[in-house]
Every structure is written in C-alpha cells, then in structure tokens.
> 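Sharing a structure with you now.
Predicted, not measured: the structure shown is a model, and the values here were computed from it.
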Amino acid sequence: MNIKINKLSEHTGAEVIGVDLKSISDQRVINELTKAFSNYSVLVIRDQNLSPNEFYESAKIFGKVFKQHNKKFALKENDLVHYISNKDKFEDGKIYIPGEGYHTDHSNDISPPKATILHAKLLPSYGGDTQFVNMHLVYNQLPDDLKKSIQNLEAMHVYQSTHSKRKLMSLPRITEKIKEVIHPLVRIHPENNKICLYINPIRIEKIIGLTDNETLALLDNLMSYVFKKENEYRHKWLNGDFVIWDNRILMHKANGDYDMNEDRYLFRIMIQNEIFERT
C-alpha cells in the first residue's frame, strides 16, 4: 500500500489516505499506523467500509480488544463491537446523545482503555463533530502553583458522578461490577512520556482529601483550561471514517447539533490499556 499521512492540526490528529483495512497485511504499514497513532493521538483512516467482524479484526492492529461496560449497545454479529446511535432514548423519552460533555472513556475501570475507535456508517447532513482536547497541552498551561497543588492528588471515579450534568444510560445489573476506582490527577503517558492531566467531570465523585465543594471548585478550575480552543482538534466526520483516539492523553466530546430526524450511526470498539506511570 502507498499510504499518505497528513496532519489535521498543529498538535493533534492526522488523516491516513490509501489504506484498505480489510486487506492490510504488510507489517511495515501496520508499524507506520501504530507509530502515527502514538505521535498524533487521533488517527483518521479514510474511506473504509467494514462489517462488524472486519472492524473488529482491523481494530486488533492497535492492541487487544477491551470489553465495554454496557452490553445494551453490543452488536449481534460480534458483542465486542458496540454501536453509537441517536435513536436510543432514556426512559422518559428524551434522546440519548452518546459522548456529550468532555470526558475520557471508561475512567471508572481499574485499567481504562488506551484507545477508542469509531467507524462512521451513517451520518447526518450537518453537525455531529467530535472535539478532542490534548491534555498534555492543558497540563503545560496550568500555573506552577496549581501544578504543584495537584501533583499528588487522586480522584475517585464511579460510573456516574452525583455531580455530573450529563445523564448516562443505566447499566444492566449484571455489569455493575466496578463500583469505584482511584486514579491520580496527573499521569505520564507510557509511550511518549508526556505529562497529562487526567480528569473526567462525568465520573469523578470526589478528590481524595477534599470536601465536595473543594472538589467541584478544583474541577471547575481545571476544566476552564480544557475549554481553550487552542488545545482542541475538532473532527468533522466523513462517511467511512475509521477514527482511533488515545484516551491516555485526550478528552473528547460529541455534539448533538444536528437534525435528530436524520441518522447518526457508528461502530465502536475499545483497545486495552497498558499500566500508567504516575508522576
């Protein structure tokens, strides 16, 4: 394969042209893709048309597949492949928009997935972008006194924080295994050694040693840096996009700014993590 890799922003994201994931076998190409993923944190492989099983096999290029928490969204063809759709609703009839609000995936797991992959199958005529924020850049922007104050802090992550503004789908009882886990607020990326802020306002219940008010005040302060546009790559989806992103260095959010009468449907899979190093 004669592949081409183009940067999508100054700091995050690259697109790959000329790869057919159905027939990829050249180890040199695979090595180039995995290296590009590590370098750019978001890799967009264009013009794919994969069945659930083909998507699963392609995902394994990047590591072992992670078992996602909510089997409600598993595909019949392969239960390790899930779907994202704007056609699911809460019990009250309100449309469920997967991925709303800045977060990092499955941080309530003991070892959260290193990567998430989406494959676009149906897209609305406008909107539905995904925003990615580089948390290494965010950490570097923090004032020195703030960096020092959070250096050794840890947070308790749960499925859904009582403080979260975003409502999640309820987990089936059989999957309610992990009640709470503890992760540091500052981590070192295991491949590139970049220091990253690791927060998730949807799942952080408390910061160890702080009161609820202190926890919320600190999270609000840290999130004010997340919202800065210079740290963001905003992905505008094209049909056939295979997008993998690095949960170890990014936060992301989906946008529900499109006509809900149109379909938005993507396959989703996750990749297992290596152990993070603490700072």
Side-chain angles (χ1 to χ4, degrees), residues 2-19 21 29 31-48 58-59 61-63 84 98-105 107 112-120 123-124 126-142 186-201 222-258 264 266 268-271:
N2 184 21
I3 72 171
K4 186 176 182 180
I5 297 176
N6 304 313
K7 288 177 65 174
L8 290 168
S9 82
E10 287 302 311
H11 54 74
T12 304
E15 69 171 356
V16 180
I17 308 295
V19 166
L21 290 171
V29 174
N31 291 344
E32 191 169 353
L33 292 178
T34 55
K35 181 180 178 182
F37 171 65
S38 181
N39 288 341
Y40 295 107
S41 305
V42 179
L43 204 59
V44 180
I45 305 177
R46 302 288 193 187
D47 301 321
Q48 305 302 303
S58 300
I61 291 171
F62 298 95
I84 283 179
E100 276 190 311
Y102 278 116
H103 65 287
T104 182
D105 285 337
S107 68
K114 79 171 184 180
T116 300
I117 310 173
L118 295 183
H119 179 33
L123 295 174
Y126 65 89
D129 297 352
T130 300
Q131 292 166 252
F132 298 97
V133 174
N134 188 309
M135 299 302 284
H136 170 64
L137 298 182
V138 170
Y139 176 82
N140 284 344
Q141 289 182 348
L142 301 180
V186 181
R187 291 177 142 180
I188 297 176
H189 194 286
E191 294 174 15
N192 55 37
N193 294 317
K194 291 180 178 178
I195 302 176
C196 306
L197 182 66
Y198 190 75
I199 57 174
N200 188 349
L222 295 173
M223 286 299 296
S224 69
Y225 294 87
V226 172
F227 294 131
K228 293 186 175 183
K229 295 298 182 184
E230 63 262 33
N231 300 325
E232 174 191 301
Y233 161 63
R234 184 169 183 138
H235 183 65
K236 297 184 181 298
W237 289 88
L238 299 176
N239 281 312
D241 278 356
F242 174 108
V243 177
I244 178 169
W245 68 84
D246 193 334
N247 289 304
R248 300 165 297 183
I249 196 172
L250 303 175
M251 290 181 77
H252 67 281
K253 63 172 287 192
N255 288 276
D257 57 346
Y258 51 91
R264 186 176 189 269
L266 306 93
R268 182 172 85 159
I269 208 164
M270 294 180 177
I271 303 298

> Does Gln48 reach the main-chain N or O of Leu21 with its side chain, forming a donor-acceptor pair under 3.5 Å?
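Judged by distance alone, yes, a pair lies under 3.5 Å.
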> List the atom of Asn247, the atom of Tyr198, and the distance in Å for their closest heavy-atom pair.
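Between these two residues, the closest heavy atoms are O-CE1, 4.2 Å.
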> Might you work through the side-chain contact (heavy atoms from CB on, under 4.5 Å) test for Tyr258 and Leu123, ending with a clear yes or no?
CA-CA 10 Å; Tyr258 51 91; Leu123 295 174; over 6 Å; no
> Using modelled atom types and a 3.5 Å cut-off, is there a donor and acceptor pairing between side-chain atoms of Asn200 and backbone atoms of Thr104?
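Yes, the answer is positive, given that a donor and an acceptor are paired below the 3.5 Å cut-off.
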> When rounded to the nearest 0.5 angstrom, what is the spacing between NE2 in His235 and CG in Leu8?
8.0 Å
> Is there side-chain contact between Met223 and Met251, with at least one heavy-atom pair below 4.5 Å?
yes
> Do Asn231 and Val226 touch side chain to side chain, with heavy atoms closer than 4.5 Å?
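Answer no - side chains too far apart.
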> Using a strict cut-off of less than 4.0 Å between a Lys/Arg side-chain nitrogen and an Asp/Glu carboxylate oxygen, indicate whether Glu32 and Lys35 qualify as a salt bridge.
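Salt bridge between Glu32 and Lys35, a charged N being under 4.0 Å from a carboxylate O: no.
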> Do the non-hydrogen side-chain atoms of Ile199 and Tyr102 ever get within less than 4.5 Å of each other?
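No, side chains not in contact.
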> Hey, is the main chain of His252 close enough, under 3.5 Å, to the side chain of His103 for a donor-acceptor pair?
yes
> Distance check, rounded to the nearest 0.5 Å: Thr12 atom OG1 versus Asn134 atom CG?
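If I round to the nearest 0.5 Å, the distance is 4.0 Å.
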> Looking at Leu250 and Met135, what are the two nearest heavy atoms and their distance?
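Answer, listing the atom of Leu250 first, then Met135: C-CG, 4.0 Å.
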> Taking side chain as C-beta onward, heavy atoms only, is Arg248 less than 4.5 Å from Pro190?
yes
> Can you sort out the partners of Asn192 under side chain to side chain contact (heavy atoms under 4.5 Å, CB included), two or more places apart, ordered by chain and number?
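Once residues adjacent in sequence are excluded, the partners of Asn192 under the side chain to side chain contact (heavy atoms under 4.5 Å, CB included) criterion are His189, Lys194, Ile249.
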> Would you compute the distance between atom CG of Asp241 and atom CD of Glu15 and round it to the nearest 0.5 angstrom?
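The distance works out to 8.5 Å.
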> With side chains defined as the heavy atoms from C-beta onward, is the minimum distance between Leu238 and Asp47 less than 4.5 Å?
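Counting from C-beta outward, Leu238 and Asp47 never come under 4.5 Å.
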> Do the side chains of Ser41 and Phe132 get nearer than 4.5 Å, heavy atoms only?
no
> Do you know which two heavy atoms are closest between Glu232 and Gln131, and how far apart they sit?
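Answer, listing the atom of Glu232 first, then Gln131: OE1-NE2, 2.9 Å.
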> Can you see which heavy atom on Pro113 is nearest to which on Met270, and at what distance?
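That would be CG-SD, 3.6 Å.
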> Do Tyr40 and Ile5 have side chains that get closer than 4.5 Å, going by heavy atoms?
yes
> Between Pro112 and Ser107, what is the shortest heavy-atom contact and its length?
CG-CA, 3.9 Å
> Do you know the tightest heavy-atom contact between Arg264 and Gly128?
NH2-O, 3.0 Å
> Once rounded to the nearest 0.5 Å, what's the spacing between atom CG of Asn39 and atom OG1 of Thr34?
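Between atom CG of Asn39 and atom OG1 of Thr34 there are 9.5 Å.
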> Please round to the nearest 0.5 Å and tell me the distance separating atom CG of Leu118 and atom CH2 of Trp237.
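Here the interatomic distance stands at 4.5 Å.
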> Output the distance between atom CD1 (Ile117) and atom CD1 (Ile271), rounded to the nearest 0.5 Å.
4.0 Å
> Does CD belonging to Glu10 count more than 12 external heavy atoms closer than 6.0 Å?
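Not more than 12 within 6.0 Å, no.
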> Does any N or O in the side chain of Asn255 come within less than 3.5 Å of the main-chain N or O of Asp129, such that one atom is a donor and the other an acceptor?
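Yes, because the side chain of Asn255 sits within donor-acceptor range (under 3.5 Å) of the backbone of Asp129.
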